[in-house]
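The first residue of the sequence shown is numbered 1, and numbering continues consecutively from there.
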Amino acid sequence: DNSGNITISAADTIKVNVAQAAYGGTPWPIPGTIQFENYDVGGNGYAYNDYTAGNTGGATFRTDEDVDIENCTDSTGVYDVGYATAGEWLDYTVKVATAGKYNLVLRVACNGDGRTVSLQAKGVSIANALAIPNTAGWQTWTNVTVNNVSLDSGVQVIRITIGASDYVNLNYMTFSMVPQSVSLKTGWNLIGCPLDGNITLHSALSSIWTNVTSVKNLDSFYSTANAAALNSLKTVEWGVGYYVKVTAPCVLDWIAR
């Protein structure tokens, strides 16, 4: 101070969180499975909301965070998020390959009645107050399915929030795309591509590939009769129309494989 007096205060611990992002650095792909213990980095109040300090689940995984992770005895998981109480939430940065409808499966366990969870994508509800069944054990697992969930394409955050009653155990969530089917007749068919980005021709038409003989648009051409070097059409693009010739009636499901 002005008189030259000096004192040392008690030490304070300051934690500096990194910016919110996917755990591991790469957004989780959809379609795909996301383990609930792989919530975003960024810290409490930013990438997740947990009301109790420390990882009280007992697992030796991400022990520097406050989410309660425990060892999982389910056949399809190493860890699960446990002790999840009302109002707590977890964020997951994902990358949706194609806009459209998806079927969502949650792998859950709960020893009690009246539990719910809700999910948002890009801040918009995709499953509200979803009922979690009483499995009569915290490691007795079951699937809860929500069909026809709408997702936009691209990188986004999916948030799961625990409902009004405490305690739901969460293992993983899986998103699988609902097929967009198009019936084709023998011969030439005009179709439009709903898949985002550039997808290889074989991958985009995998559901009917054994019936395909030719594909063309205004600029390029593919034929099974040609040598590979002579086929200029190698990928398909969103919103572009293509003529496809098939040898028999078939159904194109527009799922890239």
Side-chain angles (χ1 to χ4, degrees), residues 1-72 74 77-97 104 106-109 115-128 130 138 151-175:
D1 61 15
N2 290 340
S3 301
N5 298 312
I6 298 174
T7 188
I8 299 175
S9 62
D12 285 327
T13 299
I14 299 174
K15 181 182 178 183
V16 179
N17 292 322
V18 298
Q20 183 175 351
Y23 178 71
T26 302
W28 302 105
I30 292 179
T33 295
I34 304 165
Q35 299 289 335
F36 278 114
E37 67 270 18
N38 292 329
Y39 56 89
D40 280 1
V41 299
N44 202 346
Y46 300 93
Y48 63 88
N49 185 45
D50 192 289
Y51 295 130
T52 56
N55 178 357
T56 60
T60 56
F61 181 73
R62 303 188 71 175
T63 55
D64 59 337
E65 300 282 5
D66 296 325
V67 176
D68 304 316
I69 297 174
E70 60 186 2
N71 295 319
C72 182
D74 193 9
V78 178
Y79 304 108
D80 65 82
V81 173
Y83 306 93
T85 60
E88 292 185 340
W89 49 263
L90 299 158
D91 279 354
Y92 301 84
T93 297
V94 303
K95 185 175 183 180
V96 180
L104 165 65
L106 301 175
R107 188 70 169 169
V108 298
R115 271 63 166 195
T116 63
V117 298
S118 296
L119 287 95
Q120 295 179 325
K122 298 172 65 174
V124 177
S125 175
I126 58 174
N128 186 47
L130 182 63
W138 295 114
L151 295 176
D152 294 336
S153 63
V155 176
Q156 56 200 274
V157 172
I158 289 179
R159 173 175 294 183
I160 184 167
T161 303
I162 307 302
S165 297
D166 290 345
Y167 304 126
V168 175
N169 279 12
L170 305 169
N171 187 355
Y172 61 80
M173 56 182 168
T174 296
F175 291 86

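The neighbour count for N2 CG, taken as heavy atoms of other residues, nucleotides or ligands under 6.0 Å away, does not exceed 12. Other residues, nucleotides and ligands contribute only 12 or fewer heavy atoms inside 6.0 Å of the OH atom of Y167.
Between the side chain of R62 and the main chain of Y39, a donor-acceptor pair closer than 3.5 Å is present. A donor-acceptor pair is defined here as one N or O able to donate and one able to accept, closer than 3.5 Å; such a pair exists between the side chain of D166 and the backbone of A86. Remark: side-chain polar atoms of Q35 are not paired, donor with acceptor, to backbone N or O of G77 under 3.5 angstrom. Using modelled atom types, no side-chain atom of D40 and backbone atom of A47 make a donor-acceptor pair closer than 3.5 Å.
When all heavy atoms are compared, the tightest approach of R115 to W138 is NH2-CH2, 4.2 Å. Among all heavy-atom pairs drawn from A97 and S153, the shortest one is O-CB, 4.4 Å. For I162 against S165, the heavy-atom pair with the smallest separation is CG2-O, 3.8 Å. Here the shortest heavy-atom pairing between A121 and L151 reads CB-CD2, 3.8 Å.
Using a 3.5 Å distance cut-off with no hydrogens or angles, the side chains of D68 and T56 do pair a donor with an acceptor. No hydrogens or angles considered: a donor-acceptor pair under 3.5 Å links the side chains of T52 and D50. In the model, Y48 has a side-chain atom that pairs as donor or acceptor with a side-chain atom of E65 under 3.5 Å.
Side chains of N49 and N44 form a contact here, defined as non-hydrogen atoms less than 4.5 Å apart. Looking only at side-chain heavy atoms (C-beta outward), M173 and I160 stay at 4.5 Å or farther from each other. Under the 4.5 Å side-chain criterion, counting only non-hydrogen atoms from C-beta, T93 is in contact with V155. The shortest distance between side-chain heavy atoms of Y23 and E37 does not fall below 4.5 Å. Residues F36 and V108 are not in side-chain contact: their nearest non-hydrogen atoms beyond the backbone lie 4.5 Å or more apart. When side chains are defined from C-beta on, L119 counts as touching I158, because their heavy atoms get closer than 4.5 Å.
In this structure, CG in L90 is found 9.5 Å from CZ in R159, a value given to the nearest 0.5 Å. Between F175 atom CZ and I126 atom CD1 the span is 4.5 Å, to the nearest 0.5 Å. For the atom pair CG (N55) and CD (E70), the distance works out to 9.5 Å, reported to the nearest 0.5 Å. Atom CG in N128 sits 10.0 Å away from atom OG1 in T161 (nearest 0.5 Å).
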Apply side-chain contact (heavy atoms from CB on, under 4.5 Å) to the pair Y79 and N71, showing each step before the final yes or no.
CA-CA 5 Å; Y79 304 108; N71 295 319; 3.5 Å; yes

Is there a side-chain contact (heavy atoms from CB on, under 4.5 Å) between F61 and N38 once you walk through the steps?
CA-CA 10 Å; F61 181 73; N38 292 329; 3.7 Å; yes

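For the side-chain hydrogen bond (donor to acceptor under 3.5 Å, both in side chains) test with N171, the passing option among D74, T33, D80 is D74; the others fail.
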